[in-house]
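Please read the structure below before turning to the comments.
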Amino acid sequence: MKKQNELGKKKTKKTWIAYLWSAPSLLLILLIVIFPILYTGYISFTNMNVYHWTNYTWNGFDNYKDALLVLDNGFIAALMFTVLWTVVNMVLQLVIAYVLASLLNIKNLKLRNLYKTLLIFPWAMPGYVSILLWKTGMFNSQFGLLNQWLVKAGFEPVRWLAGDVIAFVCCTVVNLWLALPFMITIIDGALQSIDQSFYESAKLDGAGWFKSTYYITVPMIKAIITPAVVITAFTTFKQFDVIYLLTQQVGAKTGADLHTILTYAYEKAFITNNYGYSSAISILIFILLIGLSTLMNRQNKRAEVDE
Amino acid sequence: MKRAWSALVALVLIAGLFGGCGSLNGKAESGVTSGTSDSTGTAGTNGTDTKEEGPVTITIWHDKEDAVAEVLAESLKTLEPDIVVVLEKKSNMTEALKTVGNDPNVAPDMYFFAHDKIGVYAEMGILTPITDILPAEELSGYMENTIKAATYKGEIYQLPIYYETLLFMYNRLYMKEDEVPATTEALYDYMVENTKGGHYGFIEQHSTPYYAAGWINGFGGSILSEDGVPGLDSAETIAALEYHKKFVDLMPGETEYATVNTLFNKGMAHSTIAGPWLIPTLRDNGIEVGVAAMPVIDKTGIAISPYMGVQGIQVLKYAAANKAEAVEKVLRQIMDVNLQVELALISGCAPASEACYEMEEITSDEVVMAMKETAEHAVPMPNVPEMDVMWTVVGNLLTDVNMSGKDVGESAKEAQKEAEQLIENMQ
Amino acid sequence: MMQKTKNEVGKMNRGKRMTKRKIRQNLILTGVNLFFIILSFAILVPILYALSVSLNAENSLLSTDFSFIPKHLTLQNYKAVFVEEPILIWFKNSMILAVITLFLSLGTGIPAAYVFSRKRFSGRKIILRLLILLYAFPSLLSMIALYKLLSPLGLINTKLGLIIVYTGTMAVFALWNMKGYFDTIPREIEEAAMIDGTSTVQLVLRIVLPLAKPTIVVTAMMVLIFVWNEYIFAINFMMGSDTYTLAAGLYSLQATEMSGSWPVFSAASIVVSLPILMVFFALQKYMTSGLTAGGVKG
């Protein structure tokens, strides 16, 4: 009896200490991450818009009714596109980053630090600067470097951002350019955390490159890179800048009809200055995202992050 | 022991957070007293300043070129030492005003911008009518079109300074004065003849609403009526879009500012429709630029009629209530005709006061006078809040029609539906 | 590896095999080197482009006959950046924000990540899962909400306001990322130390932190880059251009319809990237010291 009581006490103490240790971090998350979500949820039930900017009142589910009306075929198409965009980008990112990081870890590669720095250079530039550089410097049909090279090689100039498919490829290239430095760094760090003796004993057992990759490298780095990968997946899903700035910017549209759910929501809701309505759309997208990720989590229990 | 230790760590962290707060706040404030152009000067200190002796600070947000801001700042210096005016260039001003407009601690006292946002801000309740500060009679010296543009729901919300519209510009190296097309068909013929080998006869930001509006208006169509009704599926608008298409086919694929203006700037395009702000850069690049009247659309007999924007000063509610006296003085200084002339000449726009057009400096300036002439059939941009959604809808419509080759009539109908839906969702 | 080869291979064939193997290895190395040289160049093309534009006297970003080596070298654009723009003030602002945010992020993140990795307490799993889900919230709308939060506290237009926003934004990442790495550090070492009577704080400082150096460096770098490159909060929550950070200042320099010069903008974007690049270089040796370098063998 006494023992059990003590055990309980010990557990409470443990919980208490754990929360104390994580309090500053959790407090900040509460303020900066959770509060805006709650506030958005609250605003989504009001009529806060241009006409009731300060004197907004509760209007129940009106915004949600309006929002559900807008979630039409266009929205479904945008959602499908967003999923495609996320999958393509994540697969390419992981494969390319893994290959590059493995090559960087080849023995006797003396210049590896130089290569590493050069490869992560894109990371050092603010995202919108890079996107602008790509848009005007590379893809512009009149002055872009790509077309200059094409013309010099005797080909016809190409309108890089005009068609849906080609614009998708261009957006993916830019997104990879922006995101790979992070992924390479993460995977590189993970690869280095693997004890070389594993490989040595695998070699003694006669395992080839493929086998040791499959049985040693991948399982060992999985745990380390999963948090980063999950977060990157969400970031890719939420990616707005690349697609919007390259193809959809007001006054500089290129003719490609690429819409993720965010650029779609932007054009359907945010430009109305109706914050109640936009909030309702945001909350709906949020719920949808949670639904999707829970679904994926359930299907892929092995990718479960925490034990 | 362990517990005490971890509590201590947490405490240190939290203390660090707030300790940082104190010192950083201190830094920010000391910056205010030493920095001259620091807008934080408005923050906090102002509210009390009006009641006390000492200078009142008036902060004006703007998005203008440095040269324009300098002229204005110089003139407003005459109000010192009683009133110190701080001009702050704000990069995302229109969005920032929505966020901070009601916050007396950080909102500016006035802003210097085009009239088209008046409706949004007036409905949000962050603007004060100019007539609350100045008697309406004193505004009688302003041109009628500028005052009309500044009026929303019967109240005048802007003190106009100058107005601007797009101009037909040509490169004298390629296009002689007698070659300047008087009609759009003549322009088309010129384009067919001269668009080759990387050169373009005529270019514009064809799928950008602000630029395409001139064609739509010239056909008697409209993007949005004065009272906020979209007119995208009207027969006139559709006719304009259909007619405009053949011109677009002879222009580059890009519609954005950088491409179009660089082509003209590099002497790769013979003529363009662009804003007066382009002219200083053109002159720096050694382009001999001519300015002409807009070509007349053959079918309607009306010249291409771009939007007109009136640039002026809007006063925020909080400033009007708390610093009425200083605000009035600043406004009166800005009403000075000589200042208007100076600002007009440096920006290449047309001054808003009638009196300026009796002055030699103005009547002898080619650009300003061309501006005034074009503005006579220019259409003032609607200032109703509904306009905010139209830019995107029309942009999509133009892209569909000009770049994706979709059917004009169908796209226009869809865009109209879309616009109506969005406007409904604003409420 | 060499050791083993030596042992396995008979004396007779030794010399021959060695050279063959060496040649093969050298060939692979040359190939890999060549690959990385080409790849680095390809990746750097847009940046070299900006660099060339910024150094070229008569060019704008848009030109029809571009070459990577400027035809008329000039430092005029860089001079413009330093003389006409308050870039040194922006630099100072960015530095202050970056350094404080960095320390706060690690200071709050490390203890949190540690307990979430090591302790089992009620609410742990739920919080972990919740945090990752919250990350899914599109942040387009959080601007207004954060404004409403900071404004009554008087934190708008102060560096502290931005620091709190930045630290909070990166907190989920910091916690998750470091927790993931802590999970892979074998517990046995800590348990051994526990028996020796080391306190938890000492344990973290002396044993866990050195082992977790790579993840701490990566997290720190992420925070630094985020603060350095973030501009949306900075231009919305800071009112005067003197209070801007480098990225926000650069954003305001951006070629807009009426102002802005591409060459100056290119020069500024190079200038902004340099400090981060130097940090990359400086931190690289810490990032490469993984678990093995820490002397721990599984």
Side-chain angles (χ1 to χ4, degrees), chain A residues 13 16-25 27-28 47 49-55 63 66-67 69-70 74 132 135-136 139-144 151 157-164 247-257 266-278 281, chain B residues 2-3 6-7 9-14 16-17 98 101-102 119-126 198 200 205 207-211 252-260 262-263 266 268 385-386 388-396 398-400 402-405 418 421-427:
Chain A
K13 195 187 154 195
W16 196 78
I17 288 180
Y19 278 109
L20 194 68
W21 274 57
S22 48
S25 178
L27 200 75
L28 277 167
N47 63 350
N49 61 36
V50 170
Y51 307 97
H52 306 91
W53 194 245
T54 43
N55 55 338
N63 291 321
D66 290 343
L69 282 179
V70 169
L132 277 176
K135 184 175 185 180
T136 26
F139 294 140
N140 188 293
S141 72
Q142 305 290 313
F143 314 99
V151 170
V158 172
R159 285 180 55 199
W160 294 97
L161 298 170
D164 289 359
T247 66
Q248 300 295 336
Q249 206 178 5
V250 177
K253 286 180 187 275
T254 60
D257 191 20
Y266 180 78
E267 287 200 351
K268 288 279 178 179
F270 289 34
I271 57 166
T272 61
N273 287 324
N274 186 334
Y275 279 82
Y277 175 61
S278 317
I281 296 232
Chain B
K2 254 189 260 165
R3 191 188 202 169
S6 44
V9 170
L11 260 176
V12 166
L13 280 171
I14 291 167
L17 225 107
K98 286 177 197 163
N102 280 317
V120 178
Y121 298 140
E123 290 289 357
M124 283 178 155
I126 64 174
Y200 293 94
Q205 290 184 248
S207 299
T208 302
Y210 186 72
Y211 292 82
E254 268 92 354
T255 179
E256 26 113 44
Y257 179 81
T259 310
V260 171
T262 309
L263 280 171
K266 295 260 157 208
M268 304 296 285
E386 286 87 344
D388 259 23
V389 304
M390 295 309 291
W391 299 116
T392 302
V393 178
V394 177
N396 283 339
L398 292 165
T399 317
D400 283 350
N402 293 335
M403 294 179 176
S404 311
E418 172 87 30
Q421 164 106 60
L422 283 170
I423 287 170
E424 205 188 299
N425 283 337
M426 288 178 74
Q427 295 278 356

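Residue numbering restarts at 1 for every chain, and letters A, B, ... go by the order of the sequence lines.
- Between the CE atom in B:M124 and the CG atom in A:N49 there is a gap of 9.0 Å [rounded to 0.5 Å].
- Both the backbone and the side chain of A:S141 come within contact range of chain B, judged by heavy atoms closer than 4.5 Å.
- Atom CD1 of A:I271 and atom CG of B:L422 lie 5.0 Å apart (nearest 0.5 Å).
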Original post:
Does the side chain to side chain contact (heavy atoms under 4.5 Å, CB included) test come out yes or no for A:Q142 and B:Y200, once each step is laid out?
Top reply: CA-CA 12 Å; A:Q142 305 290 313; B:Y200 293 94; 3.1 Å; yes
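- Of the atoms belonging to B:Q421, it is side-chain heavy atoms, and not backbone ones, that fall under 4.5 Å from chain A.
- For the atom pair B:E254 CD and A:F139 CZ, the distance stands at 11.5 Å (nearest 0.5 Å).
- For B:I423, no part sits under 4.5 Å from any heavy atom of chain A, backbone or side chain.
- By the side-chain hydrogen bond (donor to acceptor under 3.5 Å, both in side chains) test, B:E418 is found to be paired with A:K268, residues two or more places apart in sequence or in another chain being considered.
- Contacts between B:N425 and chain A at a heavy-atom distance below 4.5 Å involve backbone atoms as well as side-chain atoms.
- The OH atom of A:Y277 sits 12.0 Å away from atom CE of B:M426, with the distance rounded to the nearest 0.5 Å.
- Evaluation of the ring-ring contact (aromatic ring centres under 6.0 Å, His included) rule for B:W391 yields no partner, not counting sequence neighbours.
- Within the model, atoms NZ of A:K253 and CG of B:N402 stand 13.0 Å from one another, a figure rounded to the nearest 0.5 Å.
- Atom OG1 of B:T262 and atom CZ of A:F143 lie 5.0 Å apart (nearest 0.5 Å).
- Nearest heavy-atom pair across B:P385 and A:V50 is CB-CG1, 4.3 Å.
- At least one side-chain heavy atom of B:E256 sits less than 4.5 Å from a side-chain heavy atom of A:N140.
- Heavy atoms of B:S404 lying under 4.5 Å from chain A belong exclusively to its side chain.
- Of all heavy-atom pairs spanning B:A258 and A:T136, the tightest one is CB-CG2, 4.3 Å.
- Of all heavy-atom pairs between B:V120 and A:N273, the closest is CG1-ND2, 4.1 Å.
- The two residues A:N274 and B:Q427 have their closest heavy-atom pair at ND2-O, 3.4 Å.
- Counting heavy atoms from C-beta outward, B:M403 and A:R159 have side chains that approach closer than 4.5 Å.
- With contacts defined as side-chain heavy-atom distances shorter than 4.5 Å, the pair B:N396/A:E267 qualifies.
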